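Just below is one structure, and these are the notes that go with it.
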Amino acid sequence: MAEAFNDKLLPSGKAARYAAVAEEIAAVLAGETNLVARMATVASMLANSFDDYFWTGFYVVDPVKPEELVVGPYQGTLGCLRIAFGRGVCGVAAATGEIQIVPDVHAFPGHIACDSRSASEIVLPVRDAAGRLIAVLDVDSERSAAFDETDAAALQSILKEVFGG
Ligand code: SME
């Protein structure tokens with residue numbers, strides 16, 4: 001079991017901070033197979049590690065409506081409940097299977113504004129060990145252009161470690 005999580009102990013450089021958080025996440029989740037517990041832990045630990053993380057959470061592929069995402073574990077203000085594949089940044093990530101880095105959400109066609117304070121965002125597809133899309137991870141920031149390839153690579157590696165895909 002990891003020590004109590006404390007962001008004051010984390011390194012200040014972004015890549016080093018991601019590496020430290022990834023280690024903490026792996027330690028906390030060791031032996032825990034429940035998907036909701038895994039998603040909730042990732043959302044909480046990421047949200048509490050980076051000032052730029054204003055809304056942090058998962059939209060999961062609805063098992064009964066496979067072309068629709070439904071909100072999962074998250075940290076932040078109220079998120080919208082459902083997003084159709086292809087709609088908004090999350091829907092595009094789900095439909096294309098590609099990471100979306102959006103420096104200015106207002107310039108993204110069809111962006112869904114759950115909270116008007118969001119200025120930029122990154123969304124990554126989440127896959128299981130069989131390569132099936134199970135969710136997307138959505139991180140929104142109040143700052144424009146808050147996310148770049150460093151975030152994308154680090155988050156992708158955390159998602160692979162935690163969800164297998
Ligand atoms: N920004 C997302 C919608 C979800 S929320 O902001 C929590 C999108 O356009 O996909």
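Positions are given from 1, in the same order as the sequence printed here. Each ligand, and each atom within it, is numbered from 1 in the order the structure gives. Owing to the predicted nature of the structure, the values given are computational and were not obtained by experimental measurement.
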Discussion item. With a 4.5 Å cut-off on side-chain heavy atoms, are Trp55 and Asp115 touching?
Written reply: no

Response to the item:
Nearest non-hydrogen protein atom to atom 1 (N) of ligand 1, with distance, is Glu121 OE2, 2.8 Å

Item to complete: Side-chain contact test, heavy atoms from C-beta onward, threshold under 4.5 Å: evaluate it for Val61 versus Phe85 and give yes or no.
Response: yes

Worksheet entry | pair Pro73-Val36: side-chain heavy atoms closer than 4.5 Å | yes

Worksheet item: Using a heavy-atom cut-off of under 4.0 Å, does the side chain or the backbone of Arg87 touch ligand 1, or both, or neither?
Response: neither

Worksheet item: Hey, do the aromatic rings of Phe163 and Phe58 have their centres closer than 6.0 Å?
Response: yes

Fill in: Validation row: Leu69, Asp62 side chains within 4.5 angstrom (heavy atoms)
no

Worksheet item: Does some side-chain heavy atom of Tyr74 sit less than 4.5 Å from a side-chain heavy atom of Tyr59?
Response: no

Discussion item. Just to check, does Phe108 reach to within less than 4.0 Å of ligand 1 when the distance is taken from its heavy atoms?
Written reply: no

Worksheet item: Nearest protein heavy-atom contact for atom 4 (C) of ligand 1: which residue, which atom, what distance?
Response: Asp138 OD2, 3.3 Å

Item to complete: Determine whether the side chain, the backbone, both or neither of Asp115 has a heavy atom under 4.0 Å from any heavy atom of ligand 1.
Response: neither

Fill in: Identity and distance of the protein heavy atom lying nearest atom 10 (O) of ligand 1
Cys90 N, 2.7 Å

Discussion item. Quick test: of every protein heavy atom, which one is nearest to atom 6 (O) of ligand 1, and how far off is it to 0.1 Å?
Written reply: Asp140 OD2, 2.7 Å

Worksheet item: Rounded to the nearest 0.5 Å, how far apart are SG of Cys90 and CD1 of Ile83?
Response: 4.0 Å

Worksheet item: Nearest protein heavy-atom contact for atom 8 (C) of ligand 1: which residue, which atom, what distance?
Response: Val89 N, 3.4 Å

Worksheet entry | Donor + acceptor pair across side chains of Asn48, Tyr53 (<3.5 Å) | no

Discussion item. Could you identify the single nearest non-hydrogen protein atom to atom 5 (S) of ligand 1 and state the distance to 0.1 Å?
Written reply: Cys114 SG, 3.1 Å

Fill in: atom 3 (C) of ligand 1 - nearest protein heavy atom and its distance
Ile112 O, 3.5 Å

Worksheet item: Of the backbone atoms (N, CA, C, O) and the side-chain heavy atoms from C-beta on, which set of Tyr59 has a member under 4.0 Å from an atom of ligand 1: side chain, backbone, both, or neither?
Response: side chain

